[in-house]
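Within every chain, numbering begins at 1; the chains are lettered A, B, ... in the order of the sequence lines, protein sequences first and strands thereafter.
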There are 2 protein chains.
Amino acid sequence: MNTDTALAALAALSHPTRLEAFRLLVQHEPEGLSTGQLVDASGLSQSTFSTHLAVLAKAGLVKSEKRGRQFIQRAEIDALKGLMIFLAKDCCQGRAELCEPLLAELSCC
Amino acid sequence: MNTDTALAALAALSHPTRLEAFRLLVQHEPEGLSTGQLVDASGLSQSTFSTHLAVLAKAGLVKSEKRGRQFIQRAEIDALKGLMIFLAKDCCQGRAELCEPLLAELSCC
DNA sequence: AATACCTATCGGAAATATACGATGTGTACG
DNA sequence: CGTACACATCGTATATTTCCGATAGGTATT
């Protein structure tokens with residue numbers, strides 16, 4: 001993950017609607033949710049949510065798969081992993097002492 | 001870290017200038033850098049950078065400490081850690097199988 | 001073929017973010 | 001005390017984001 005990709009992912013997740021949608025999709029891995037289900041959950045208009053979804057897709061955080069006449073959306077866990085590694089490397093580049101407590105807390109889950 | 005705090009951190013880091021400044025500060029832990037040094041590194045005007053710095057500070061990612069007539073800025077590693085745990089919990093909430101490969105790659109650093 | 005359904009895109013209005021120079025506030029130095 | 005310095009804030013112009021309704025483009029159903 002390069003800087004531009006990380007910036008796109010951070011910007012995509014920095015909006016309440018998109019963060020909530022992404023979290024919802026992660027919770028529903030690996031089955032995914034249809035776009036309509038996500039629209040309903042968001043409470044926004046269909047068109048507005050569609051643009052939000054496009055932002056998540058462009059950032060590589062969500063992939064869609066055609067299923068009959070609807071689209072099933074799925075969270076890209078690898079993209080989240082990439083973003084976290086990008087952030088972690090900020091503090092780990094040759095400074096393991098900064099990262100150790102981070103890894104210790106992460107291993108709780 | 002609650003959702004609002006995470007959103008503020010994500011938004012703060014989603015701008016090239018602010019992400020770069022934060023990474024610079026992480027690299028200079030624990031000594032920190034003066035605001036002026038950060039302004040110079042950014043290439044932006046002093047006032048513009050000051051507002052960017054305020055965003056990082058409001059998100060809790062940077063703390064400043066008065067040092068003579070200048071301010072020393074320091075990265076809050078704990079805030080980064082909190083954000084990463086917030087993101088990790090999205091995929092770990094009772095789904096350890098999603099998180100294992102993440103932790104495996106993170107332990108590299 | 002006609003219709004109903006699901007989602008994307010267009011057009012436009014309102015809100016927010018971003019940038020700068022100018023100015024204000026406080027601190028050290030002579 | 002006066003001056004130079006370090007940083008924040010104000011005022012303002014521009015760009016971007018966000019939202020909606022309306023419309024377009026496919027896909028299944030009848």
Side-chain angles (χ1 to χ4, degrees), chain A residues 3-25 28 31-76, chain B residues 3-25 28 31-76:
Chain A
T3 300
D4 284 344
T5 309
L7 281 170
L10 288 166
L13 294 178
S14 72
H15 190 281
T17 295
R18 293 192 295 258
L19 179 60
E20 182 56 32
F22 182 72
R23 302 182 77 181
L24 213 52
L25 286 178
H28 284 80
E31 324 88 47
L33 289 173
S34 74
T35 310
Q37 288 176 301
L38 290 170
V39 170
D40 292 343
S42 76
L44 295 174
S45 77
Q46 181 265 323
S47 68
T48 296
F49 187 83
S50 182
T51 62
H52 281 304
L53 194 54
V55 173
L56 285 168
K58 193 168 184 182
L61 290 165
V62 166
K63 298 284 184 198
S64 68
E65 179 194 345
K66 201 155 198 170
R67 188 91 155 215
R69 63 178 155 186
Q70 59 191 4
F71 282 89
I72 299 298
Q73 309 290 336
R74 289 192 48 201
E76 277 287 309
Chain B
T3 300
D4 284 344
T5 309
L7 281 169
L10 289 166
L13 295 177
S14 71
H15 190 282
T17 296
R18 293 192 294 258
L19 179 60
E20 181 57 32
F22 182 72
R23 301 182 78 182
L24 213 53
L25 286 178
H28 285 81
E31 324 88 47
L33 289 174
S34 73
T35 309
Q37 288 175 302
L38 290 170
V39 169
D40 290 345
S42 75
L44 295 174
S45 77
Q46 180 265 323
S47 67
T48 297
F49 187 83
S50 183
T51 62
H52 281 304
L53 193 54
V55 173
L56 286 168
K58 193 168 184 182
L61 290 164
V62 167
K63 298 285 184 197
S64 69
E65 179 195 345
K66 200 156 200 171
R67 188 90 155 217
R69 62 179 155 185
Q70 59 191 3
F71 281 89
I72 299 297
Q73 309 290 336
R74 289 193 48 200
E76 276 288 310

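Here the side chains of B/Gln37 and B/Leu24 are not in contact, with every heavy-atom distance at 4.5 Å or above.
Between A/Leu56 and A/Arg18 the shortest heavy-atom distance is CD1-O, 3.8 Å.
Separating the CZ atom of B/Phe71 from the P atom of D/dC7 is a distance of 8 Å, rounded to the nearest angstrom. We find that CZ of A/Phe49 is positioned 18 Å from C1' of D/dG21, with the value rounded to whole Å. Between the P atom of D/dA6 and the CD1 atom of B/Ile72 lies a distance of 12 Å, rounded to the nearest Å. For the pair A/Leu38 CG and C/dC6 P, the computed distance is 14 Å after rounding to whole Å. In this entry the distance linking CG of B/Leu7 with C1' of C/dA17 reads 16 Å, nearest Å. Distance, B/Lys58 NZ to C/dT16 C1': 13 Å, rounded to whole Å. Note: NZ (A/Lys66) to P (C/dC6) measures 14 Å, nearest angstrom. Remark: C1' of C/dC6 and CD of A/Glu65 are 16 Å apart, rounded to the nearest angstrom.
Contact annotation: side chain of A/Gln46 to base of C/dA8, donor-acceptor pair present below 3.5 Å.
For the pair B/His52 and C/dA17, the criterion of a side-chain N or O lying under 4.0 Å from OP1 or OP2 is not met. A close approach under 4.0 Å does occur between a side-chain nitrogen or oxygen of B/Thr48 and OP1 or OP2 of C/dC20. Residue B/Ser50 places none of its side-chain N or O atoms closer than 4.0 Å to OP1 or OP2 of D/dC7. Considering only side-chain N and O atoms, B/Thr35 lies nowhere under 4.0 angstrom from the phosphate OP1 or OP2 of D/dA6. For B/Arg18 and C/dT18, the shortest distance from a side-chain N or O to OP1 or OP2 is below 4.0 Å.
Between A/Thr51 and B/Thr51, it is B/Thr51 whose nearest contact on DNA chain D lies nearer the 5' terminus. Comparing A/Leu53 and B/Arg69, the nucleotide of DNA chain C nearest to each residue sits closer to the 5' end for A/Leu53.
B/Leu53 pairs with exactly one of B/Val39, B/Thr35, B/Thr48 by the side chain to side chain contact (heavy atoms under 4.5 Å, CB included) rule, that one being B/Thr35.
Interatomic distance, CG of B/Leu38 versus CZ of B/Phe49, reported as 4.5 Å (0.5 Å rounding). Between the CG atom of A/Leu61 and the CG atom of A/Leu13 there is a distance of 5.0 Å, given to the nearest 0.5 Å.
Comparing D/dC19, D/dC7, C/dT7 by their closest approach to the side chain of A/His15 singles out D/dC19.
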